[in-house]
Number of protein chains: 2
Amino acid sequence: MLSRSKVLIKPSQEQAAELLHYALQNQLLAILACNCKVDYHGRASSRLEWGERLVIIKRDRSLLIHRNTGYEPVNWQPPGCLFHVSFSEGNLLVRAVRKSPHEVVDIFISDLQLAAALELSDYGAFAMYLTEEDMKQAVLKNPFLIEEGFQPITEERSLPTGFVDILGRDSKGNLVVVELKRESADREAIIQLYRYVEHLRKGNPSVRGIIAAPKITKSAHILLKALKLEFKQLTPEVCSKYVKRGEGEPLKSLT
Amino acid sequence: MLSRSKVLIKPSQEQAAELLHYALQNQLLAILACNCKVDYHGRASSRLEWGERLVIIKRDRSLLIHRNTGYEPVNWQPPGCLFHVSFSEGNLLVRAVRKSPHEVVDIFISDLQLAAALELSDYGAFAMYLTEEDMKQAVLKNPFLIEEGFQPITEERSLPTGFVDILGRDSKGNLVVVELKRESADREAIIQLYRYVEHLRKGNPSVRGIIAAPKITKSAHILLKALKLEFKQLTPEVCSKYVKRGEGEPLKSLT
DNA sequence: CGTGCCAGGTGCCTT
DNA sequence: AAGGCACTTGGCACG
């Protein structure tokens, strides 16, 4: 193995302690699969009785204790806390201390199934983009994204055929149906929009239908013209400027 | 090893796939330490470029993808989602699908440092107790926790000497200062309370001082009597019944 | 450092 | 399923 990673299966408490020191020293990620008991005191207090869990200490000295179910860790400590490894009453004791606010997590470990120190080389960029729902919010708050003078009437309106993304009026008072797509608009999207517009045109022939998407497929564009509908280019990236959302998160270096 | 746990060091993609199937089949917790790339589409969209991370699939079919820093997973999927393991363009592809709302996480895995299926036997109870702040809220909403007829005046009041936890009046209209402690009240706490009471007694000799805590040290109790202050036993556990907080988390069975 | 606001919030309980 | 609410909320921007 090229990396400095080490894996121990069914290690003793002493071997696990040594591995933890090794991981902390070298800023590796440490995992323990172990039988443990956890006490927390700080902003609140908690007690977790004995059971087998996954204990993770990351490179930035954050701590996660995960049970075998659930998204959230049962106990944790944020990055930057101090670790102290010792032995107490026949157990391996891992103490994680946070300074401000003062919080302490004590993990008493009896047996271990697995202990690993992993070197995870990770420089991949993480980027978050918007959903259709977010595009809708951007348009509702900034109607000019559709066109100058556009005014939404209601956010959503139930029709026999389904739901309209955005219903509004243009500067001349014409009813406008807007259908949003986060990705390229295809024929299916055009048909969906046409169903809404057709229904409304029965009582009002001047109803307009606009599909707002980053781009439109060639066949969809042909269909669009035939049905007298319109296309407005609208990208999630542009919307993101109006509903600000984390759109990129460079890796922070550990100082 | 008595358990059904299995650990593979530097497994091939095929071996890892087999281990994942084994873990999913037997409701074990699966961990992969691997080089991967992650796409997410659902309420939002995200793209995580190649890098080494920890992938965890729990017994309840929740998914966590952790980088080597930070409390939060970079990508995840809540419990109960469906997994599909396949091979795609030279990578091991793990797809986790959530139905409502429809969300998909695709993990493309190239190399693996470690793959483990762990049987974590965990029936330990988890109990959370309250902070002083939470005890305060319990008392404000249920003043009888201090005594019958007690009525808080303001939540907090700044005095030259510091902050009063709770200021109120008793059934006879006497001013009452309440000092809360989450743990055993010591002499320091009594002195703290006395400073507030002394200040208020200057203009009103009938001011009462009550220290509310789970218990009180012997020396603190002597001091309390000498200063004509009072003790009211109040435990975080009792308060928890009035501000309901997770006070025990039985393991949910997987149906 | 505290304050305010957003989140793919999550989790828990109620209608 | 949808709504309300608390969280050791965590996280970021801002004063």
Side-chain angles (χ1 to χ4, degrees), chain A residues 38-48 58 60 62-67 69-81 96-106 126-135 137-138 141 182 236 240 242-250 252, chain B residues 38-48 58 60 62-67 69-81 96-106 126-135 137-138 141 182 236 239-240 242-252:
Chain A
V38 185
D39 283 342
Y40 158 72
H41 290 284
R43 284 170 290 179
S45 298
S46 71
R47 155 64 68 96
L48 177 62
K58 291 193 180 185
D60 60 358
S62 53
L63 167 71
L64 300 172
I65 302 171
H66 274 280
R67 305 186 81 161
T69 59
Y71 163 87
E72 294 192 326
V74 59
N75 283 109
W76 72 91
Q77 204 68 288
C81 67
V97 180
R98 181 189 192 181
K99 279 192 277 252
S100 175
H102 186 69
E103 295 184 293
V104 180
V105 171
D106 278 332
F126 178 73
M128 170 86 66
Y129 303 101
L130 295 183
T131 67
E132 192 178 302
E133 171 61 26
D134 295 314
M135 289 176 70
Q137 294 306 321
K141 289 169 186 163
R182 197 172 48 79
S240 75
Y242 293 93
V243 292
K244 62 166 169 299
R245 200 64 107 60
E247 70 172 53
E249 178 192 293
K252 287 160 214 145
Chain B
V38 184
D39 282 343
Y40 158 73
H41 290 285
R43 284 169 289 179
S45 299
S46 71
R47 157 63 68 94
L48 177 62
K58 290 194 181 185
D60 60 358
S62 54
L63 167 72
L64 300 171
I65 302 171
H66 274 279
R67 307 186 80 159
T69 59
Y71 164 86
E72 294 192 328
V74 60
N75 282 109
W76 71 92
Q77 204 67 289
C81 67
V97 180
R98 181 189 193 182
K99 278 195 273 258
S100 173
H102 186 68
E103 296 185 292
V104 180
V105 171
D106 279 332
F126 178 72
M128 167 88 64
Y129 303 101
L130 296 180
T131 66
E132 190 178 306
E133 173 63 26
D134 295 314
M135 288 176 71
Q137 293 308 320
K141 287 168 188 162
R182 195 171 52 79
C239 288
S240 74
Y242 294 93
V243 293
K244 60 171 168 300
R245 196 69 107 61
E247 69 173 53
E249 180 191 289
L251 261 195
K252 285 161 218 145

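Numbers restart at 1 for each chain; the letters A, B, ... are given by sequence-line order, proteins then strands. These figures come from a predicted structure and were not determined experimentally.
For D:dG10, the base is not stacked against the aromatic ring of B:Y71, per a cut-off of 5.5 Å between centres and 30° between planes.
The side chain of B:R98 approaches C:dG8 more closely than any other nucleotide in the set C:dG8, C:dG11, D:dG11. Distances from the side chain of B:V105 to the nucleotides C:dG8, D:dG10, D:dT8 place C:dG8 closest.
For D:dT9, neither phosphate oxygen OP1 nor OP2 lies less than 4.0 angstrom from any side-chain nitrogen or oxygen of A:W76.
Using C1' as the reference atom, C:dT10 and C:dC6 are 14 Å apart when rounded to the nearest Å. Using atom P as the reference point in both D:dG11 and C:dG11, the two lie 16 Å apart (nearest Å). Taking the C1' atom of each, D:dG10 and D:dA6 are spaced 14 Å apart, rounded to whole Å.
Under the side-chain hydrogen bond (donor to acceptor under 3.5 Å, both in side chains) criterion, A:S45 pairs with A:H41, B:R182, not counting sequence neighbours.
To the nearest angstrom, P of C:dG11 lies 14 Å from CZ of A:R67. In this entry the distance linking CG of B:L64 with P of C:dT10 reads 11 Å, nearest Å. A:F126 has its CZ atom 13 Å from the C1' atom of D:dG11, to the nearest Å. Rounded to a whole Å, the NE2 atom of A:H66 is 14 Å from the P atom of C:dT10. Here C:dA7 presents its P atom at 17 Å from CG of B:N75, a figure rounded to the nearest Å. Rounded to an integer number of Å, the gap from CD of B:Q77 to P of C:dT10 is 9 Å. Rounded to a whole Å, the CD1 atom of B:I65 is 15 Å from the P atom of C:dG8. Atom pair B:H102:NE2 and C:dG8:P shows a separation of 18 Å (rounding to whole Å applied).
For B:E103 against C:dG8, a side-chain-to-base donor-acceptor contact under 3.5 Å is present. Between the side chain of B:Y40 and the base of C:dG8, at least one donor-acceptor pair of N or O atoms lies under 3.5 Å.
For A:K58 (side chain) and B:Y71 (main-chain N/O), no donor-acceptor pair under 3.5 Å exists by modelled atom type.
A:S46 places a side-chain heavy atom less than 4.5 Å from the side chain of B:F126.
Residue B:S100 is the one, among A:E72 and B:S100, whose nearest nucleotide of DNA chain D lies closer to the 5' end (criterion: closest heavy atom).
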Requested in this report: Take A:V74 and A:V38 through the side-chain contact (heavy atoms from CB on, under 4.5 Å) test and state the conclusion after the steps.
Outcome: CA-CA 9 Å; A:V74 59; A:V38 185; over 6 Å; no
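Rounding to the nearest 0.5 Å places CD1 of A:I65 at 9.0 Å from CD of A:Q77.
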